[in-house]
Amino acid sequence: MIAAVILSATVAFARPVRLRRRTVPVESSVADFARLLSIAAASGLPLGSALDAVIDELSGSVGEAVRSVVRSARQTGLTAALLSAPELGSLAPALARAHSTGSPLGQTLDAYLTAHAADRVTKALEKARTAPVRVMVPLALLLLPGFTALVVGPTLLDHVFDVTRFGR
């Protein structure tokens, strides 16, 4: 009771905590880059112009990789520059193939984003399948003794009282 009074007084008179704004920008992912590029391609921009349009919106290692692709594309060509960008994963060869063959950029990006979403779902399902195994030890150590005491305890105490005739 005393602890509850102290805790409530501490909470009531505590200074409010100020939340700070995040000053570090969130790092872009390859999927974010593909979504931005898909929007630019849907507006009718070719791949080079679409890269120029989305380059300012990207941050982190993906942003640096795209900037490097745009810089080296001026010297070696866009297809070669994309093929030399391993940071973009499987998206770079797909974009290079679409650029060199002239296939629609939007379809290539949609296929990549669909495969990426399916990969994320697969990883989430894999984590969900391992959840029962990870929960087994806490269940056995924390919940099972309490459950056993609640279910078996009264019956066991009743039998002990009957045998020892204690309390009658």
Colleague: Would you indicate whether the side-chain heavy atoms of Leu36 and Leu58 approach each other to under 4.5 Å?
Modeller: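 In contact.
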Colleague: Tell me whether Leu83 shares a hydrophobic cluster with Leu91, the cluster being built from Ile, Leu, Val, Met, Phe, Trp, Tyr side chains joined at under 4.5 Å.
Modeller: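 Unlinked, Leu83 and Leu91 end up in two clusters.
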Colleague: So how far is it from His99 NE2 to Leu105 CG, rounded to the nearest 0.5 Å?
Modeller: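 Between atom NE2 of His99 and atom CG of Leu105 there are 10.0 Å.
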Colleague: Keeping to residues at least two apart or across chains, list the side chain to side chain donor-acceptor pair (under 3.5 Å) pairs with something in residues 84-98.
Modeller: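 Not a single pair qualifies under side chain to side chain donor-acceptor pair (under 3.5 Å).
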Colleague: May I have the list of side-chain donor-acceptor pairs in residues 40-56 shorter than 3.5 Å, sequence neighbours left out?
Modeller:
residue: Ser43; atom: OG; partner: Ala40; partner atom: O; Å: 2.6

Colleague: Under the side chain to side chain donor-acceptor pair (under 3.5 Å) rule, collect the residues that match up with Arg67, sequence neighbours excluded.
Modeller: none
Colleague: Would you list the atom pairs, donor with acceptor, under 3.5 Å between side chains in residues 71-80 and any protein atom, with sequence neighbours excluded?
Modeller:
residue: Ser72; atom: OG; partner: Ser68; partner atom: O; Å: 3.0
residue: Ser72; atom: OG; partner: Val69; partner atom: O; Å: 3.3
residue: Thr76; atom: OG1; partner: Ser72; partner atom: O; Å: 2.9

Colleague: Would you list the pairs meeting side chain to side chain donor-acceptor pair (under 3.5 Å) in which at least one residue belongs to residues 113-135, sequence neighbours left out?
Modeller: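 Only Thr130-Arg134 qualify under side chain to side chain donor-acceptor pair (under 3.5 Å).
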Colleague: Compare every heavy atom of Ala34 with every heavy atom of Leu113, then report the nearest pair and how far apart it is.
Modeller: CD2-CB, 3.7 Å
Colleague: State, with a plain yes or no, whether a side-chain heavy atom of Tyr112 is found less than 4.5 Å away from one of Val30.
Modeller: yes
Colleague: Would you find a donor on one side and an acceptor on the other, under 3.5 Å apart, between the side chain of Thr108 and the backbone of Pro104?
Modeller: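 Present.
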Colleague: Before you tell me yes or no, could you show the steps for Leu95 and Leu37 under side chain to side chain contact (heavy atoms under 4.5 Å, CB included), namely the whole-Å CA-CA distance, both residues' side-chain angles and the distance that decides it to 0.1 Å?
Modeller: CA-CA 10 Å; Leu95 289 174; Leu37 205 57; 3.7 Å; yes
Colleague: Under 3.5 Å, which donor-acceptor pairs link side chains of residues 147-157 to any protein atom two or more places apart or in another chain?
Modeller:
residue: Thr148; atom: OG1; partner: Leu144; partner atom: O; Å: 2.7

Colleague: Should side-chain heavy atoms under 4.5 Å link Ile, Leu, Val, Met, Phe, Trp and Tyr, which residues sit in the same cluster as Val121?
Modeller: Leu125
Colleague: Under 4.5 Å between side-chain heavy atoms, counting indirect links through other Ile/Leu/Val/Met/Phe/Trp/Tyr residues: same cluster for Val66 and Ile39 or not?
Modeller: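 In one cluster: no.
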Colleague: Quick check: closest heavy atoms across Ser38 and Asp110, and the distance to 0.1 Å?
Modeller: OG-OD1, 3.9 Å
